[in-house]
Undergrad: 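Here's a structure for you.
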Amino acid sequence: MREYLPVLIVGAIIGMFALLFVVAYAVAKRKNALENRERNMPDSEIVKRLLAYAKPYRMQFVLVFFVMLLANVHSILSPLIIGNIEETVVGDFDLSYLGKAVAVYAGLLVVSLLCTYIQAMVLQRVGQKILSAMRQDVFTHIEGLSHAQLNDIPVGKLVTRVTNDPNAISFMFTNILVTLIQNVMVVIAVLGAMLLLNYMLTLMVLCFVPFVVLFTIIFRRFSRSVHLRVNDATTDVNTYLSENLSGIKITQIFNREERKMQDFLALSKNLEKAKRSRMFVFGIFQPMVYMLYISSVLCLMYLGGRGYIGGWNFMGQTVTSGVIVSFYMYISKFFNPIQQLAEQFDMLQRSFAAAEKIFTVMDMVPQVVDSPNAKDIDEIKGEIEFKDVWFAYNPGEWVLKGVSFHVEPRQTVAFVGSTGSGKSTILSLICRNYDIQKGQILIDGRDIKEISIASLRKHFGQMLQDVFLFSGTIRGNIVLRDEFPEEDIRQACEYVNADKFIDRLDNGLDEAVRERGNNFSAGQRQLLSFARTIIHKPAVMILDEATANIDTETELLIQDSLEKMKNIGTMLIVAHRLSTIQHADNIILLSHGEILEQGTHQELLHQKGRYYKLYTLQYDKEQLQKA
């Protein structure tokens, strides 16, 4: 029994580490339960959904599988060849056999290298296609979310879902999964070869496998937790950067750079802490697996060496020098894949954590969708009717309360009232940016829910106070990727008086537009939005404070443009400056979500109600400013 004492000591040490890890796992699990953390998506569901992206390329993966089989031949046969060479050198030396063995070994190596190259090229191409498909799906799904849902999700978070997260998942397809499968194949093949060579030494090696499984399960638990923390911290940093870089001018104006830097450093420290936790978990698992590898090698050298030198059998089987050399190489090939599991599990959990974030966004059901009986419409006349419409952004907090009005085709209708009265909300509801809770909205006598959303919005042109221009050129911002003749583009610009400043630019319509159009004035951006709307020939035009915050000269150009645009179709206007809507066919005054007054400008003045008071107040104010 004394000859097995060193082996028992090694087993005791490994058992002690295993006990410590089990206790740590139990403590972490209890802490997680006390924190009542939200349950994560199961790995099985993540794998199932990810494999759906790989399904179109199953033939390429089958090819990679067979290439892996060829590549693994070298890993399986090389220890046997080296063991035979060792016995040939130590025993009866045979130069011709040695040359043949070396040639076979070199041939297997060349085949293995060639297979590895083919495998890498095929997987990289497939991985990029999967990455592109996933990004497209995520982006398309985000485009389908309602305004309310988009308002609840920070832009930086969405950017992370479309950019960073798919990259991690792509690496899983190009490297991790294939490497895992390859390593499993190697482990099984190596075990088979070891059993054929010496099953008793193989049983000794297998004694370490339960500890490998135990350490892997524990590592998986901690790894997933820290990866979720890293992903959350990365998202927080991206969200903060997206918001604060967009508003950096406000930060500079109010001299808040130092405060913003402190906030950014706090988020960065949180990300650093999360990454340190991941490194700590990863740094413990790999040495533990390496310890098992070294322990198995020590046991092999001790038992095999004693058996070879002392001439005694180990559990009934003779141990030769060639067997020891082959087993040493086999143990290395057995534990190397297991050691790689640390890195592979680290990357796999990173991919799963990223996939879970993506699928969480993709599982968001759009709140505004086409009804089953929704149909496309080719054209609309522009007749709009609200019938007892009730709407609330938050349950119970009504923004519109039983609003009813009728707009004839080609009429110009203006909505006025104090902030929060529901003016902009009405315009958003007409385009189905939100769905109403009660009542009915009709377009040409048809409920808008019976019209497909894309078809409905195609007939609307919206001009908002905060004009958004994309990076590119003036031409690109007007046509928005559609094809229009040069003459149509220029006519649209002339129609809304945008040509007056475009012709003064060095490159005309091809003048570069920087991010958000910050190289143009507010009035110029507004004129470009008018041209963009006109060229798409909408049946209904919506202007939400389109004349606010612009200089007097540009306002005159815009007023002239508005007069021309009235001839195109129905026009709905929201304006605080009542002097800009005097010629509207109907003016609707709102207060706290209800219609108080409506009529023409002269009719409302004659009533001397709320509109009369607002107009008089604004008129007196303008006269004082002129004086």
Undergrad: Are any side-chain N or O atoms of Asp444 and backbone N or O atoms of Gly382, one a donor and one an acceptor, separated by less than 3.5 Å?
TA: yes
Undergrad: Could you check whether any side-chain heavy atom of Ile502 comes within less than 4.5 Å of a side-chain heavy atom of Ile474, counting everything from C-beta outward?
TA: yes
Undergrad: Any side-chain to backbone donor/acceptor pair from Asp585 onto Thr412? Under 3.5 Å, distance only.
TA: yes
Undergrad: Could you check whether any side-chain N or O of Ser146 sits under 3.5 Å from a backbone N or O of Val368, counting only pairs where one atom can act as donor and the other as acceptor?
TA: no
Undergrad: To the nearest 0.5 Å, how far apart are CG in Asn244 and OG1 in Thr239?
TA: 10.5 Å
Undergrad: Any side-chain donor-acceptor pair under 3.5 Å between Asn373 and Glu450?
TA: no
Undergrad: Ignoring hydrogens and angles, tell me if any N or O in the side chain of Asn477 forms a donor-acceptor pair with the backbone of Thr473 under 3.5 Å.
TA: yes
Undergrad: Checking salt bridge (charged side-chain N to carboxylate O under 4.0 Å, His left out) for the pair Arg49/Glu45: CA distance, chi angles, key distance, verdict?
TA: CA-CA 6 Å; Arg49 297 179 68 169; Glu45 182 180 350; 3.7 Å; yes
Undergrad: Would you sort out whether Asp376 and Ser452 count as a side chain to side chain donor-acceptor pair (under 3.5 Å), showing the intermediate values?
TA: CA-CA 5 Å; Asp376 293 337; Ser452 66; 2.4 Å; yes
Undergrad: Say whether, by atom type as modelled, one donor and one acceptor occur between the side chain of Arg525 and the main chain of Phe468 under 3.5 angstrom.
TA: no
Undergrad: Heavy atoms, side chains only, cut-off 4.5 Å: are Arg457 and Asn433 in contact?
TA: yes
Undergrad: Can you tell me how far apart CZ (Phe386) and CD1 (Ile588) are? Round to the nearest 0.5 Å.
TA: 9.0 Å
Undergrad: So do the side chains of Arg125 and Tyr57 get within less than 4.5 Å of each other, counting heavy atoms only?
TA: no
Undergrad: Would you mind reporting whether Leu442 and Ile448 have side-chain heavy atoms less than 4.5 Å apart?
TA: no
Undergrad: Would you say the side chains of His406 and Glu383 form a donor-acceptor pair under 3.5 Å?
TA: yes
Undergrad: Quick one: does Arg135's side chain have a donor or acceptor within less than 3.5 Å of a partner on Ser132's backbone?
TA: no
Undergrad: Assess the side chains of Tyr393 and Thr425: does a donor N or O sit below 3.5 Å from an acceptor N or O?
TA: yes
Undergrad: Kindly check if the number of other-residue, nucleotide or ligand heavy atoms within 6.0 Å of CG (Asp378) is above 12?
TA: no
Undergrad: With the side chain counted from C-beta on, respond yes when Lys449 and Gln440 share a heavy-atom pair under 4.5 Å apart, and no when they do not.
TA: no
Undergrad: Say whether Asn238 and Arg161, considering side chains only, have a donor N or O and an acceptor N or O under 3.5 Å apart.
TA: no
Undergrad: Say whether Ser529 and Gln526, considering side chains only, have a donor N or O and an acceptor N or O under 3.5 Å apart.
TA: yes
Undergrad: Is the centre of the Phe415 ring less than 6.0 Å from the centre of the Phe405 ring?
TA: yes
Undergrad: Check for a donor-acceptor pair, side chain of Glu511 on one end and backbone N or O of Asn507 on the other, with a separation under 3.5 Å.
TA: yes
Undergrad: Report yes or no: does Ser404 contribute a side-chain atom to a donor-acceptor pair with the main-chain N or O of Lys387 at less than 3.5 Å?
TA: no
